[in-house]
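Below: the structure, in structure tokens.
Index from 1, following the sequence. Nothing here was measured: the structure is a model prediction, and the numbers come from that model.
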Amino acid sequence: MSRQLNMDTLRQNFWKEEYLREKMLRCEWHHKYGSMVKAKQKAKAAARLPLRLPTLHPKAPLLSPPAPRAVPTKAPSPALGTPIQSDMYPVPPATRALLYEGVSHDFQGRCRYLNTRKLDMPEMRYVFPITTSFTYGWQLGPPVKQELVSCKMCRIESFFRKNGAFLLLDPQDLAL
């Protein structure tokens, strides 16, 4: 589909002048208001930046000159000297050994380790409840298996309310 070109010299000159006039208006506007717009943009960009606090460097403890020793002693290991602050109790070695046995694809290794850890009660894994949802399952003890009552009428009587919305039973509800 071709476009109709109704362009003669008069119309071409009109569009040329119109284009040049708009270009000059844009240049004048930019010359007049450009600095204010850039200042506003910089202020908005500065407001969006997060507040940066100065970094505090740890102060080095004052070192006293070491006393001369006759026999050099071995420095204590950092693992024994400083306890690691953790929310969880350490994993028993037998459970940790499961990590290195087999591949997770075969339900061994990491998969077996995680399933074994999942079976432990939360109070055996964590020092204290970390989230508020932990408090619901904290110190519940082992699950109690409840036997189903085999009497059909006992189940119906325990299911429906004794008084209230379902005072009279519907015959369709009785057909279990």
Checklist entry - Who else is in the cluster with Met121 when I, L, V, M, F, W and Y are joined by side-chain contacts under 4.5 Å? => result Met124

Checklist entry - What are the two closest heavy atoms between Ser104 and Cys111, and how far apart are they? => result OG-N, 3.4 Å

Checklist entry - Hey, what else clusters with Leu98 if you join Ile, Leu, Val, Met, Phe, Trp, Tyr whenever side-chain heavy atoms sit under 4.5 Å? => result Val91, Leu99, Tyr100, Tyr113, Leu114

Table please: side-chain donor-acceptor pairs of residues 33-48 below 3.5 Å, with sequence neighbours left out.
none

Checklist outcome for this item: Residue set satisfying side-chain contact (heavy atoms from CB on, under 4.5 Å) with Asp106, at least two apart, ordered chain then number -> Val103

Item to check | Under 4.5 Å side-chain linkage, directly or through intermediates, the cluster mates of Phe107 | outcome: none

Please list every donor-acceptor pair under 3.5 Å in which a side-chain atom of residues 7-19 meets a protein atom from a residue at least two apart or in another chain.
unit_1 : atom_1 : unit_2 : atom_2 : d
Asp8   : OD1    : Arg11  : N      : 3.2
Asn13  : ND2    : Thr9   : O      : 3.3
Glu18  : OE2    : Arg21  : NH2    : 2.9

Next on the checklist: So for atom CZ, which belongs to Arg110, do other residues, nucleotides or ligands contribute more than 12 heavy atoms lying within a distance under 6.0 Å?
Outcome noted: no

Checklist entry - Residues two or more places apart in sequence or in another chain: which of them pass ring pair (Phe, Tyr, Trp, His ring centres under 6.0 Å) with Phe134? => result Tyr126

Next on the checklist: Is the shortest side-chain heavy-atom distance between Met88 and Arg117 below 4.5 Å?
Outcome noted: yes

Checklist entry - Which distance, rounded to the nearest 0.5 Å, do you find between the CG of Asn115 and the CZ of Arg112? => result 10.0 Å

Next on the checklist: Taking side chain to side chain donor-acceptor pair (under 3.5 Å) as the definition, give me every residue that meets it alongside Thr132, ordered by chain and number, with sequence neighbours left out.
Outcome noted: none

